[in-house]
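Some notes on the structure that comes next.
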Amino acid sequence: MDHGHMDMGSNATCTHAMTWNWNTIGTCFLAESWRIENEGTFAASCIGVFLLVICLEFLRRLGKEYDGFILRQFQQYLAAQARASKAESSCCSDEPAPGPQVVTFRATPVQQLIRSIIHAAAFGIAYILMLIAMAFNGYIIISIIVGAGVGKFLCDWMIAKVVVGGDSNSNQLSKGSAASLEEPSVCCG
């Protein structure tokens with residue numbers, strides 16, 4: 001099988017380089033229907049890939065924000081339950097206040113479905129970008145890298161609440177440890 005040139009039903013051919021290249025005209029990405037015929041089409045492809053990476057970063061952020069949203073909803077529910085329980089108890093009780101309790105949160109089926117849809121969309125875009133990058137085209141790979149940087153800058157601005165004061169053990173990030181702030185990208189996802 002010749003990967004160098006494939007017939008598209010006419011005299012036009014696709015260049016499929018399986019090594020690093022800087023090809024522009026005649027290059028195909030993902031399918032023979034995405035054939036670069038002029039510089040304008042190639043520039044539009046680079047810009048489109050750049051924007052697709054930004055969309056990926058947006059979906060990753062959306063997933064994090066949705067997780068935080070449903071967790072805050074659960075925390076508000078627990079706080080309301082605790083207030084109601086406290087109001088029902090006697091004010092003159094000699095019983096000591098209960099210590100900290102651990103409550104396990106499990107997403108509802110609808111919440112989990114939404115989380116899964118967001119994850120599947122992000123995973124699908126990441127996989128498509130990986131396949132595009134497998135064209136080994138330097139311009140496209142640069143577009144992916146720059147898009148990832150711009151997407152991170154625009155969509156994943158780090159904001160954390162830091163507790164200051166009190167004993168030395170209370171100086172912590174409110175969202176957990178510092179390790180939870182940054183998740184590594186494990187193979188496109």
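Each residue takes its place number in the sequence, starting with 1. From a predicted model like this one, the values you see are computed outputs, not experimental measurements.
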TODO: Any chance you could lay out the side chain to side chain contact (heavy atoms under 4.5 Å, CB included) test for Arg35 and Thr41, step after step, and finish with the verdict?
DONE: CA-CA 9 Å; Arg35 183 176 187 281; Thr41 307; over 6 Å; no
Open item on the list: side chain to side chain contact (heavy atoms under 4.5 Å, CB included) for Glu37 and Ile25? Distances and angles first, verdict last.
Closed with: CA-CA 5 Å; Glu37 296 179 2; Ile25 309 302; 5.9 Å; no
Task: Worked verdict on Cys155 versus Arg60 for side chain to side chain contact (heavy atoms under 4.5 Å, CB included) - done: CA-CA 9 Å; Cys155 300; Arg60 287 178 176 169; over 6 Å; no
- [ ] Given side chain to side chain contact (heavy atoms under 4.5 Å, CB included), test Phe58 with Leu154 step by step and report yes or no.
- [x] CA-CA 8 Å; Phe58 173 76; Leu154 295 175; over 6 Å; no
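The closest donor-acceptor contact from the side chain of Arg61 to the backbone of Trp157 lies under 3.5 Å.
Between Asp67 and Arg115, at least one side-chain N (NZ, or NE/NH1/NH2) sits under 4.0 Å from a carboxylate O, which counts as a salt bridge.
In this structure, Gln111 and Thr108 approach most closely via the heavy-atom pair OE1-N, 2.9 Å. Taking every heavy atom of both residues into account, Leu56 and Ala122 meet most closely at CD1-O, 3.2 Å. Between Glu57 and Ala148, the shortest heavy-atom contact is CG-O, 4.2 Å. Residues Asn23 and Asn137 approach most closely at O-ND2, 2.5 Å, considering heavy atoms. Taking every heavy atom of both residues into account, Cys46 and Ile140 meet most closely at SG-CD1, 3.9 Å. Minimum interatomic distance between Phe136 and Ala17 (heavy atoms only, all atoms of both residues): CD1-O, 4.0 Å.
Within the 4.5 Å cutoff, side-chain heavy atoms of Ile36 are placed close to those of Ser45.
Sequence neighbours left out, the pairs with a member in residues 60-79 that pass ring pair (Phe, Tyr, Trp, His ring centres under 6.0 Å) are Phe74-Phe105.
Here the CG atom belonging to Leu129 is positioned 5.5 Å from the CD1 atom belonging to Ile144, to the nearest 0.5 angstrom. Remark: Phe42 CZ to Ser143 OG distance equals 7.0 Å, nearest 0.5 Å. Atoms CD1 and CD1, from Ile114 and Ile70 in turn, are 8.5 Å apart once rounded to the nearest 0.5 Å.
Residues Ile117 and Phe123 are members of separate hydrophobic clusters, defined by side-chain heavy-atom contacts under 4.5 angstrom among Ile, Leu, Val, Met, Phe, Trp and Tyr. By the criterion of side-chain heavy atoms lying less than 4.5 angstrom apart, applied directly or through intervening Ile, Leu, Val, Met, Phe, Trp or Tyr residues, Ile54 is grouped together with Met130 in one hydrophobic cluster. In terms of hydrophobic clustering, with Ile, Leu, Val, Met, Phe, Trp and Tyr side chains grouped at heavy-atom distances under 4.5 Å, Leu113 and Leu59 are assigned to different clusters. In terms of hydrophobic clustering, with Ile, Leu, Val, Met, Phe, Trp and Tyr side chains grouped at heavy-atom distances under 4.5 Å, Ile47 and Ile142 are assigned to a common cluster.
Counted within 6.0 Å of CH2 on Trp22, heavy atoms from surrounding residues, nucleotides or ligands total more than 12; the atom is thus considered enclosed.
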